[in-house]
Amino acid sequence: MAQSNFKSPARMGSLGDGASAASAGAVAGGAKGPGPKGADFERRNFLGMVVAGAGAAVAVSTLYPIVRYIVPPPSTVKEVSELVVGKAADIPPKGFKIFQFNKDKVLVVNDNGKLTACSAVCTHLGCLVRWESAQNLIFCPCHGAKYQQTGEIISGPQPKPLSPYKVRVEGEDIIVSKA
Ligand code: FES
């Protein structure tokens, strides 16, 4: 069995006068002050700062993308009062199309050449509505809300009518504007 280098106080006593305190691992002289202990303290202090800095860097690099993901960037889309959304040929007679207009989506219906426009976002829970030409109404497929072509409520759970918009054709362009 390997012999231990540990020197117990009892064993220190048995070493006799020839065994100096230095040989037993003690610091010679017993002087206090900025000797090896001070250097050790500064090293520990420095290492503590390095570890704390590294921890802070890891925390920031981990949290930054999460915060960027959660907090939406400031909107750079400029609000306009009217917009060319497409070509008249895009919407066949009895057809419809949904266009982006500012932050809203607008449903443009071509009722045999007469265009109407209103918000395409159902006022119940926000599903997109569609034009049902066979029934001559706007329908929400989520919970069955029904609206007239100009957005007024026919039936369903929706609390409000669809917001109205103006629409006109200039040349070949469909132009949507705020009502
Ligand atoms: S979201 Fe349209 S009826 Fe519920």
Side-chain angles (χ1 to χ4, degrees), residues 40-179:
D40 195 37
F41 175 76
E42 284 178 12
R43 194 179 309 123
R44 277 197 208 140
N45 210 8
F46 174 73
L47 285 175
M49 286 193 296
V50 168
V51 169
V58 168
V60 168
S61 64
T62 304
L63 290 177
Y64 181 74
I66 295 172
V67 170
R68 284 299 306 267
Y69 179 77
I70 293 172
V71 179
S75 176
T76 54
V77 179
K78 199 176 164 200
E79 291 262 323
V80 293
S81 57
E82 68 174 36
L83 183 71
V84 175
V85 293
K87 301 289 181 194
D90 293 343
I91 311 176
K94 298 186 181 249
F96 74 95
K97 193 158 183 182
I98 293 173
F99 300 99
Q100 188 72 40
F101 181 77
N102 293 331
K103 290 177 187 162
D104 201 2
K105 295 192 184 316
V106 174
L107 174 87
V108 177
V109 174
N110 182 352
D111 187 11
N112 289 318
K114 183 184 171 228
L115 295 186
T116 57
C118 59
S119 172
V121 181
C122 181
T123 60
H124 181 221
L125 293 177
C127 290
L128 285 184
V129 298
R130 64 175 183 241
W131 172 245
E132 293 284 345
S133 65
Q135 299 174 63
N136 217 33
L137 55 80
I138 295 169
F139 179 71
C140 178
C142 288
H143 310 98
K146 292 179 180 176
Y147 303 87
Q148 293 179 8
Q149 185 178 341
T150 45
E152 293 85 3
I153 294 173
I154 297 174
S155 65
Q158 70 277 40
K160 293 190 295 186
L162 298 170
S163 301
Y165 284 92
K166 290 179 184 167
V167 61
R168 68 182 192 275
V169 175
E170 279 187 16
E172 295 184 351
D173 295 333
I174 298 175
I175 300 171
V176 168
S177 57
K178 293 178 179 175

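For the single chain, residues carry numbers from 1 onward in sequence order. The structure presented is a predicted model; accordingly, all values stated were derived computationally and were not measured. Both counts, for ligands and for their atoms, begin at 1 and track the order of listing.
- In this structure, Thr116 and Val108 have side chains that are not in contact, with every pair of non-hydrogen atoms separated by 4.5 Å or more.
- For the pair Glu132 and Lys94, the salt-bridge criterion is not met [side-chain N within less than 4.0 Å of a carboxylate O].
- Thr123 and Gln158 form no side-chain donor-acceptor contact under 3.5 Å, judged by distance and modelled atom types alone.
- In summary, Lys114 and Asp111 do not engage in a salt bridge, as defined by a charged side-chain N under 4.0 Å from a carboxylate O.
- Distance check: Arg168 CZ to Asp173 CG gives 10.0 Å after rounding to the nearest 0.5 Å.
- Around atom 2 (Fe) of ligand 1, the protein N, O or S atoms closer than 2.8 Å are Cys122 SG, Cys140 SG, listed by chain and residue number.
- As summarised for Cys122 and Cys142, their two SG atoms remain at a distance no smaller than 2.5 angstrom, missing the threshold.
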